[in-house]
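Notes follow the structure.
Here is the naming used below: chain letters follow the sequence lines, and residue numbers restart at 1 for every chain. Please read all numbers here as calculations on a predicted model, not as lab measurements.
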Amino acid sequence: MATDFARTATNLVKELKTHLEANDLGGSGSASGGSGGAVGSGGGVRGGVLRDPGQALPAYKEDEVSKSAREVQEHYDSVVAILGAFREENREWDTRPEVASSVLIHHQSLLRNKRLLLAYQNLRLERIKAFRWKCGRLPRATQDKLSPPERDFVKSYERILNSYQKQCRVDLTVGFFPPGENLLKVRVTEDLGVMEFDYIGEADLQVGTVHLLPHEEAERLIIEGKLEHLA
Amino acid sequence: MEGPATSSGALPPDTNDTDDLTMEPSDDLGLGPEVPGGTEHPLEHDYDVSNDAQLLRQAWINESLTPEVLMYREDLVDRIRSLIARQEKIVEDYEQDHNQALTRAIRFAEVSRIKFCLRSYLRKRLSKIEAYAIHIYMNEELSSKLSPQELEFAKDYIDAVNRLFKDSILSRLPKDYNDLLHQSMESEAPDMIPEPSLDRHVFVRVLDDLGDIPIDDQNTTFRLQEGDIFAIRYRLIRDFVDSGRVELV
């Protein structure tokens, strides 16, 4: 079982590392590992695949997670078994250091797995939130990569955020960039018809036309991919 | 800056049907003299405008640079809100007045910047609240620094995150090990709550003579005088940030 543990845990660590690389959160090294763009179905998805931004949030690794959880259960069973046997022997810990240390090892391995699992989930959580803030909502490609509990979380996060914004009467999903000028030069990439804007009034947004629009409203449409910012 | 030359030019002149130029009723905030019919003497506001905007800017900088969430500046945020409303009204009212085009552009730029600052300030706080939600929520002193809305946000956020971790991970772990806050039942005190690192170094400008402050256990002290700028552990000057006796740079 010891080898089994080593394997799954290592896979998880790898998973986290790939995660970090995929999200440009650190660890730019070891990219050469993916020379063939090898996709191991079990653990290390590495290299080229992750450079694709559509892959920035890898699909939830249900298999890995449940494997680790099973392993945790095995450790737990061992701890319980060892402790049970030891109690029956009715001796002091001092006299059996080997038993004490095996309990400790199982215990620590268990904690380690737990930490890794939580860290994995937490990283995904942060990433999901980052998407939410950056894109206004989760892109469809990303939504498909979520686990059911994550989908629930996205829903409640949305609700919480909306209720906060409503109560504070403020829209926090725009205005990420300090406005340098009043009007942004944009090109329309999606037909929007005539829209009403602050400050400048109406504008007829036909595909391909160039406009100067107020910063805040332009930003919202740029984030939604309906306008293109021209420097 | 003004770009009526392009296709989205200025609004074709149509009559402004709101003759009512009175300001928003916002004077219950002790904002200094309100000018009735404000568009006639809009410059009267400017002292307050720049002052509150400056305060907000500093609050935003402080919030961005400190590891922990600071006291919510409720009165300031309220004042800024009414200020934004007033400025936007002025911008609107000047729409037909071509003599005021430049003033209008400047005001619009100003109000956009203030809005950016306010949003960024609130966002910054939310992101810190998210990161340390449980820590803040379990500590009365810290949760008193949040606005009621933020507190509610924190509470709901904790619930959502708890549910996520429970559903996806913790429910699969054996009992004794399935708590989000404890590594296992071995640990009596919760030992898995992320806390901000208060020992991070920050750059501060001292705004007031603070005298000698202790910097370690050996009674070593360190003199902070007005105008000094230090890189210092946040913990040491923590109490002075909310009281406005130091500011971060």
Fill in: Worked check of side chain to side chain donor-acceptor pair (under 3.5 Å) between A:Tyr199 and B:Glu88
CA-CA 9 Å; A:Tyr199 192 63; B:Glu88 283 185 331; over 6 Å; no
Fill in: Proximity breakdown for A:Tyr60 and chain B, heavy-atom pairs closer than 4.5 Å
side chain
Fill in: Atom CE of B:Met192: over 12 foreign heavy atoms under 6.0 Å
yes
Discussion item. Closer than 4.0 angstrom, basic N to acidic O: yes or no for B:Arg163 and A:Glu150?
Written reply: no
Worksheet item: If you tally heavy-atom pairs under 4.5 Å against chain A, which of B:Leu170, B:Leu122, B:Asp167 wins?
Response: B:Leu122
Practice prompt. Please answer whether the main-chain N or O of A:Val170 pairs with a side-chain N or O of B:Arg119 as donor and acceptor at a distance below 3.5 Å.
Written response: no
Fill in: Distance-only polar pair, side chains of A:His75 and B:Tyr177, donor-acceptor under 3.5 Å
no
Worksheet item: Relative to chain B, which of A:Lys155, A:Glu126, A:Arg115 shows the most heavy atom pairs under 4.5 Å?
Response: A:Arg115
Item to complete: Answer with side chain, backbone, both or neither: which region of B:Leu164 has an atom nearer than 4.5 Å to a non-hydrogen atom of chain A?
Response: both
Worksheet item: Nearest 0.5 Å, what's the CG-CZ distance between A:Leu161 and B:Phe153?
Response: 5.5 Å
Worksheet item: Should we say atom CZ of B:Arg200 is surrounded by more than 12 heavy atoms from elsewhere, each under 6.0 Å from it?
Response: yes
Item to complete: Against chain B, label A:Leu125 side chain, backbone, both or neither, depending on which of its atoms sit under 4.5 Å from a heavy atom there.
Response: side chain
Discussion item. Between B:Lys166 and chain A, with a heavy-atom cut-off of 4.5 Å, which part of the residue counts as in contact: side chain, backbone, both or neither?
Written reply: neither
Worksheet entry | Top contributor to chain A interface from B:Arg172, B:Arg123, B:Arg113 [non-hydrogen pairs under 4.5 Å] | B:Arg123
Discussion item. Atom CZ of residue position A:Arg151 - does it have more than 12 heavy atoms of other residues, nucleotides or ligands inside 6.0 Å?
Written reply: yes
Worksheet entry | Contact origin within A:Leu172 toward chain B - heavy atom pairs under 4.5 Å | both
Practice prompt. Select one option (side chain, backbone, both, neither) describing which atoms of B:Lys155 are under 4.5 Å from chain A's heavy atoms.
Written response: neither
Worksheet item: For the candidates A:Asp77, A:Asp152, A:Asp171, which exhibits the highest count of non-hydrogen atom pairs separated by less than 4.5 Å from chain B?
Response: A:Asp171
Worksheet item: Below 6.0 angstrom between ring centroids: does that apply to B:Phe108 and A:His215?
Response: no
Item to complete: Enter the distance from B:Arg107:CZ to A:Asn182:CG here, rounded to the nearest 0.5 Å.
Response: 13.0 Å
Worksheet item: Closest approach of A:Pro178 and B:Phe116, non-hydrogen atoms and distance?
Response: N-CE1, 3.4 Å
Item to complete: Enter the distance from B:Ile169:CD1 to A:Leu118:CG here, rounded to the nearest 0.5 Å.
Response: 6.0 Å
Item to complete: Please round to the nearest 0.5 Å and tell me the distance separating atom CD of B:Glu152 and atom OG of A:Ser163.
Response: 5.0 Å
Discussion item. Does any backbone or side-chain atom of B:Val77 lie under 4.5 Å from a heavy atom of chain A? Answer side chain, backbone, both or neither.
Written reply: neither
Discussion item. Is A:Ser66 in contact with chain B via its backbone, its side chain, both, or neither, using a 4.5 Å heavy-atom distance?
Written reply: both
Worksheet item: Among A:Cys168, A:Pro214, A:Ser156, A:Ser147, which has the most heavy-atom pairs under 4.5 Å with chain B?
Response: A:Cys168
Worksheet entry | Close side-chain approach of A:Glu62 to B:Ser168, heavy-atom, < 4.5 Å | no
Worksheet item: Are more than 12 heavy atoms from other residues, nucleotides or ligands located less than 6.0 Å from atom CD of A:Glu98?
Response: yes
Discussion item. Is the shortest side-chain heavy-atom distance between B:Leu173 and A:Tyr76 below 4.5 Å?
Written reply: no
Worksheet, complete the sentence: Cut-off 4.5 Å, heavy atoms of chain B, and the answer for A:Lys129 is side chain
Worksheet item: Under a 4.5 Å heavy-atom cutoff, which of B:Leu180, B:Asp176, B:Leu126 has the most pairs with chain A?
Response: B:Leu126
Discussion item. Donor-acceptor pair, distance only, cut-off 3.5 Å: does the side chain of A:Lys114 make one with the backbone of B:Asp179?
Written reply: yes
Worksheet item: So what's closer than 4.5 Å to chain B heavy atoms on A:Arg70: side chain, backbone, both or neither?
Response: neither
Item to complete: May I ask you to check whether over 12 heavy atoms, not counting those of B:Lys128, lie within 6.0 Å of atom NZ?
Response: yes
Practice prompt. Measure the shortest side-chain to side-chain distance between B:Pro174 and A:Val72 over non-hydrogen atoms and say whether it is less than 4.5 angstrom.
Written response: yes
